[in-house]
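Written out below as structure tokens is the structure these notes cover.
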Amino acid sequence: SGFDAAAPRVRGLILNVAAYERTSRGDYAQALHYLATAKRAYVGEIHGLNHTLCFEGAIELHQGNVGDARLRFEATLHKIIDAGYRLTDASGVAAAHLVESLYELNDLQAVELLLEDYLPTIRDACAADHVIVAFRVAARTHALRGRTQLAQQTLSEMLDLGDAWGIPRIASAARHEKLRLA
């Protein structure tokens, strides 16, 4: 078939997309099957594998296994850094997921340290979902620390990014978070 003849990176990408679709429907078993197959396709290819590993961690997070998700995201981020891609889209994706799990575990100090390093990379190199998560967690962390003005500024930056990039869901997420903060 055409799928089997495709380059491994293309097969991995298709499997990641299929896993994302299955995850959005709550079919985690099938998503994990696709991800296991994608990992075999991505042997030796860090960037695609990064997404596969982060999808697995996201499933853990969706199922309430926050500690396991955190461990997966940390391992993925370290693997990317060890491969020489410290501040890239690959590390930004892993960092965005890790920030979310750290926030859920109430490790605000770790959240702040990670965002200090990675928020610019996430903003400049990652997809809308990662931007939304990172900016939302940054704003919530500022608010929890009593820095309401910084929380508002973070959300205003997120709103401006959504408007400038023409991605309404980023702007909408910022507006929703501003209402939550109010």
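Predicted model, so just to flag it, every value in this text is computed and none were measured. Position 1 is the first residue of the sequence; numbering continues from there.
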| Could you go step by step and tell me if Ile122 and Phe135 meet the side-chain contact (heavy atoms from CB on, under 4.5 Å) rule? | CA-CA 9 Å; Ile122 294 166; Phe135 274 82; 5.7 Å; no

| Co-membership, hydrophobic cluster, residues Tyr118 and Leu108, 4.5 Å side-chain | yes

| said: Just verifying a value: how many Å separate His33 NE2 and Arg22 CZ, rounded to the nearest 0.5 Å? | reply: 12.0 Å

| field | Same cluster (ILVMFWY, side-chain, under 4.5 Å), Leu161 and Val93 | value | no

Please tabulate, for the side chains in residues 146-157, all donor-acceptor contacts under 3.5 angstrom to protein atoms that are two or more places apart in sequence or on a different chain.
residue: Arg147; atom: NE; partner: His142; partner atom: ND1; Å: 3.0
residue: Arg147; atom: NH1; partner: Glu112; partner atom: OE2; Å: 3.4
residue: Arg147; atom: NH2; partner: Glu112; partner atom: OE2; Å: 2.6
residue: Arg147; atom: NH2; partner: His142; partner atom: ND1; Å: 3.1
residue: Gln152; atom: OE1; partner: Lys178; partner atom: NZ; Å: 3.4
residue: Thr154; atom: OG1; partner: Leu150; partner atom: O; Å: 2.8
residue: Ser156; atom: OG; partner: Gln152; partner atom: O; Å: 3.1
residue: Ser156; atom: OG; partner: Lys178; partner atom: NZ; Å: 2.9
residue: Glu157; atom: OE2; partner: Arg123; partner atom: NH1; Å: 3.4

All N/O donor-acceptor pairs, side-chain side in residues 60-69, below 3.5 Å, sequence neighbours left out:
residue: Glu60; atom: OE1; partner: Asn65; partner atom: ND2; Å: 2.9

| request: Mind jotting down which residue pairs meet the side chain to side chain donor-acceptor pair (under 3.5 Å) criterion with at least one end in residues 81-93? Sequence neighbours excluded, please. | output: Arg86-Asp117

| Out of curiosity, Asn16 CG to Tyr34 OH, how far, rounded to the nearest 0.5 Å? | 12.5 Å

| message | Other members of the hydrophobic cluster containing Ile59, with the 4.5 Å side-chain heavy-atom rule, please. | response | Tyr20, Tyr28, Leu32, Leu35, Phe55

| query | If you take all heavy atoms of Ile46 and Ala83, which pair is closest and at what distance? | reply | CG1-CB, 4.4 Å

| said: Please determine whether side-chain contact (heavy atoms from CB on, under 4.5 Å) holds for the pair Leu15 and Tyr42, giving the CA-CA distance in whole Å, both sets of side-chain angles, and the decisive distance to 0.1 Å. | reply: CA-CA 11 Å; Leu15 290 161; Tyr42 280 131; over 6 Å; no

| message | Are Leu181 and Leu144 connected into the same hydrophobic cluster when the rule is that any two of I, L, V, M, F, W, Y join if their side-chain heavy atoms are below 4.5 Å apart? | response | yes

| query | To the nearest 0.5 Å, how far apart are CD in Glu21 and OG in Ser24? | reply | 5.0 Å

| field | Residues which pass salt bridge (charged side-chain N to carboxylate O under 4.0 Å, His left out) with Glu100, listed by chain and number, not counting sequence neighbours | value | none

| message | If I take atom NE2 from residue His51 and atom CG from residue Leu53, how far apart are they, to the nearest 0.5 angstrom? | response | 10.5 Å

| request: Could you tell me which residues satisfy side-chain contact (heavy atoms from CB on, under 4.5 Å) with Asp107, sequence neighbours excluded, listed by chain and number? | output: Leu102, Gln109, Ala110

| Are any of the side-chain heavy atoms of Arg11 and Thr37 separated by less than 4.5 Å? | no

| task | Establish whether Ile80 and Leu114 are linked, either directly or via other cluster members, by ILVMFWY side-chain heavy-atom contacts under 4.5 Å. | result | no

| field | CG on Leu98 to CG on Leu77, rounded to 0.5 Å | value | 6.5 Å

| note | Taken to the nearest 0.5 Å, the spacing of Thr141 OG1 from Asn106 CG works out to 9.0 Å

| request: List the steps and the verdict of side-chain contact (heavy atoms from CB on, under 4.5 Å) for Ile170 and Trp165. | output: CA-CA 9 Å; Ile170 293 176; Trp165 295 344; 3.9 Å; yes

| message | So, using ring pair (Phe, Tyr, Trp, His ring centres under 6.0 Å) as the criterion, who are the partners of His130 when residues are at least two apart? | response | His97

| said: How close do Ala41 and Gly12 get, counting heavy atoms only, and between which atoms? | reply: CB-N, 3.9 Å

| task | Please report the closest heavy-atom contact between Ala173 and Ile132, naming both atoms and the distance. | result | CB-CG2, 3.8 Å

| Test side-chain contact (heavy atoms from CB on, under 4.5 Å) applied to Ala36 - qualifying residues, sequence neighbours left out | Arg40

| task | Quick one: closest heavy-atom pair of Thr76 and Cys54, and the distance? | result | CG2-SG, 4.1 Å

| query | Can Phe73 be reached from Leu49 by stepping across I, L, V, M, F, W or Y side chains whose heavy atoms are under 4.5 Å apart? | reply | no

| Partner set under side-chain contact (heavy atoms from CB on, under 4.5 Å) for Asp163, not counting sequence neighbours | Leu159, Ala171, Arg175

| Arg145 atom CZ, over 12 foreign heavy atoms within 6.0 Å | yes

| said: Using the side-chain contact (heavy atoms from CB on, under 4.5 Å) criterion, which residues pair with His176? Sequence neighbours excluded. | reply: none

| Pairs in or reaching into residues 130-140: which pass salt bridge (charged side-chain N to carboxylate O under 4.0 Å, His left out), with residues at least two apart or in two chains? | Arg136-Glu177, Arg140-Glu177

| task | Considering non-hydrogen atoms only, spot the tightest contact between Ala134 and Leu115 and give its length. | result | O-CD2, 4.0 Å

| field | Hydrophobic cluster (4.5 angstrom, side-chain heavy atoms) - remaining members for Leu113 | value | none

